[in-house]
2 protein chains.
Amino acid sequence: MNNLCAGCAVRDQALCGSLSDEELTALNSVGRRRHVSAGTTVMWSGAENLLCGNLLDGILKMAAAASDGREQIVGLLYAADFFGQPYADEVDFTITALTDAELCTFPRGAFEHVLEHHVRLENLLLQRTLKALNEARGRMLTLARMSATEKVTSLLLEMAARAGPCGCSASHGGPVTFDLPLTRGQMADVLGITIETVSRQLTRLKGAGLIALSGSRTVAIADLGALKTQISAA
Amino acid sequence: MNNLCAGCAVRDQALCGSLSDEELTALNSVGRRRHVSAGTTVMWSGAENLLCGNLLDGILKMAAAASDGREQIVGLLYAADFFGQPYADEVDFTITALTDAELCTFPRGAFEHVLEHHVRLENLLLQRTLKALNEARGRMLTLARMSATEKVTSLLLEMAARAGPCGCSASHGGPVTFDLPLTRGQMADVLGITIETVSRQLTRLKGAGLIALSGSRTVAIADLGALKTQISAA
DNA sequence: CGTTAAATTGAGGCCACTCAAGTTGTGTGG
DNA sequence: CCACACAACTTGAGTGGCCTCAATTTAACG
């Protein structure tokens, strides 16, 4: 065990969590802690690809941008998620902190070197990458084919599932209350619609009695099952 | 060397191309050739995840489907591409042959076993998966934020690049002629728009003198550079 | 309490969808 | 070789959902 990893908050969930002490030492020797405040961009699309790492705390967004300023969030990163792209010379997506965040970064080249000498680490990253690929593809259906109502509903359900990790009420469809980790604008960027449309859909769901809003961030879902019927109710 | 791989058409480009003879033998012992005709579905979304493999010839589509029938193509597979999802119990996307196709399949479990004992194979798959993830994310921007004109234009450019692997005229923006590998309906499914819209956009580009259509499948791009200006001409 | 960002609400317009008809292309059998 | 059938494609008219622009209202924070 070593100093850096011993006190790591996501030790058991992160990529490195399943490593042996020897492997951990190898990784640790090239790792560095870093705090970034909300709004800070960690990697710029188009820049030289120097870093990757684990997110210890906070939320990051990965975004693709068109030359005229249009933006699409292609992924959100939560605590224990791995970020960056090994084996690429150039950064493809801008990564920005949505909240204050804590990172554990590695120089890309050094990380690749460790990867290639520690089979288990490589296998775990492969599994995570395959999972991320599946999620990205699943989101394509939402982005391209779902209505605004369905998009907002599915994001609410996804956030509810992530916010209530206890699984207490989520399982039996009971009431769930949680705070949205994203602003309306960020939700719009994730869903590929505008701020106004997000707002209108939330108002609509509220009017239909499917959700309750107190403040602009706190959401209460009365009946998960009823909310789910909003999605592809053919 | 062995019989199955010796005559493989994509020997040098596929995942297995960079393997040693010993590794190749390991893979080959669990592999099987399989021919599928156009329209055949290779894997059904929701089914037990039994297979993965390499595409030797033809084109496959991976599609996500909503319960009401809406479909989104989340990826196209060409010769030498790997397909399937190791480490998942269930198939997430339906894979269907768009043309007659030739496959080299492995039982998923056996493939995973080979993966874990052959570091180089695992590393190559990781690199491919990371690349596929990037492509999927890049497509999100197109699906969510681009206009119909931009979507059709970008698909044409992508196909032109793939159709003319010689790079002869592609590099200096000169004229390129090729056959569309997809029907209008398939293009619509890839782009998240309707058949009619695809057709109208092609007609529009033709009217603008940017492309020429002879038959419904053959496309000629007079000036690649001019076509590119159709994308995000702010 | 004042300032500023975030969110809501409204009015109007446009792009892409829907529905529908007609045309072209392709392959098959007479 | 032509006639037919069927699928793919094109074109048109009309509609609706989401965007744009704009004005408030509400929330967040010093």
Side-chain angles (χ1 to χ4, degrees), chain A residues 37-39 66 68-72 98-100 142-153 155-156 179-208 211-219 230 232-234, chain B residues 37-39 66 68-72 98-100 142-156 179-208 211-219 230-234:
Chain A
S37 48
D68 60 356
R70 283 174 293 183
E71 177 180 286
Q72 178 60 42
L98 295 182
T99 64
D100 281 12
T142 306
L143 286 174
R145 299 297 190 185
M146 299 288 205
S147 69
T149 301
E150 292 173 312
K151 287 181 178 180
V152 171
T153 302
L155 184 58
L156 283 179
D179 278 7
L180 296 171
L182 304 179
T183 67
R184 301 288 188 273
Q186 288 157 359
M187 293 174 68
D189 282 345
V190 169
L191 299 174
I193 53 183
T194 60
I195 289 181
E196 294 94 325
T197 300
V198 172
S199 181
R200 277 186 251 268
Q201 295 306 324
L202 287 173
T203 305
R204 205 187 128 280
L205 291 172
K206 179 183 172 185
I211 62 172
L213 301 169
S214 56
S216 56
R217 284 302 186 84
T218 306
V219 180
Q230 292 293 301
S232 74
Chain B
S37 49
D68 60 356
R70 284 175 292 184
E71 176 179 288
Q72 177 60 43
L98 295 182
T99 65
D100 282 11
T142 306
L143 287 175
R145 299 296 190 184
M146 299 287 205
S147 68
T149 301
E150 292 173 313
K151 287 182 179 181
V152 171
T153 303
S154 62
L155 185 57
L156 283 180
D179 278 7
L180 295 171
L182 305 179
T183 67
R184 301 289 188 272
Q186 288 158 0
M187 293 175 68
D189 281 344
V190 169
L191 299 173
I193 54 183
T194 60
I195 289 182
E196 294 95 325
T197 300
V198 172
S199 181
R200 276 186 251 268
Q201 294 307 324
L202 287 174
T203 305
R204 204 188 129 279
L205 291 172
K206 179 182 173 186
I211 63 172
L213 301 169
S214 55
S216 55
R217 283 301 186 82
T218 306
V219 179
Q230 292 294 301
I231 301 177
S232 76

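Only heavy atoms go into these numbers, but all of them, side chains included; no hydrogens, no water, no symmetry mates. Note on naming: letters A, B, ... go to the chains in the order of the sequence lines (proteins, then strands), and numbering restarts at 1 for each one.
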_For the backbone of B:A38 and the side chain of B:D100, can you confirm whether one donor and one acceptor N or O come within less than 3.5 Å of each other?_
yes

_I'd like to know if the side chain of A:Q201 and the backbone of A:V198 have a donor-acceptor N/O pair within less than 3.5 Å._
no

*Once you round it to whole Å, what is the distance between C1' of C:dA16 and CD of B:E150?*
14 Å

*Which sits closer to the 5' end of DNA chain D, A:S214 or A:I193, going by the nucleotide each is nearest to?*
A:I193

_Please check this pair: side chain of A:K151 against backbone of A:L191, looking for a donor-acceptor N/O pair closer than 3.5 Å._
yes

*For each nucleotide in nucleotides 1-9 of chain C, reading 5' to 3', give B when a protein heavy atom comes within less than 4.0 Å of its base, S when such contact involves only the sugar-phosphate, and - otherwise.*
------SBB

*Is it true that a side-chain atom of B:E71 and a backbone atom of B:D189 form a donor plus acceptor pair closer than 3.5 Å?*
no

*asked:* Can you measure A:R204 atom CZ to C:dG10 atom C1' for me and round it to whole angstrom units?
replied: 18 Å

*Between D:dC19 (P) and B:M146 (CE): distance, integer Å*: 16 Å

*With no hydrogens and no angle check, is any side-chain donor or acceptor of B:R70 less than 3.5 Å from a backbone partner on A:R145?*
yes

*Do any N or O atoms from the side chain of B:T197 and from the backbone of B:I193 form a donor-acceptor pair under 3.5 angstrom?*
no

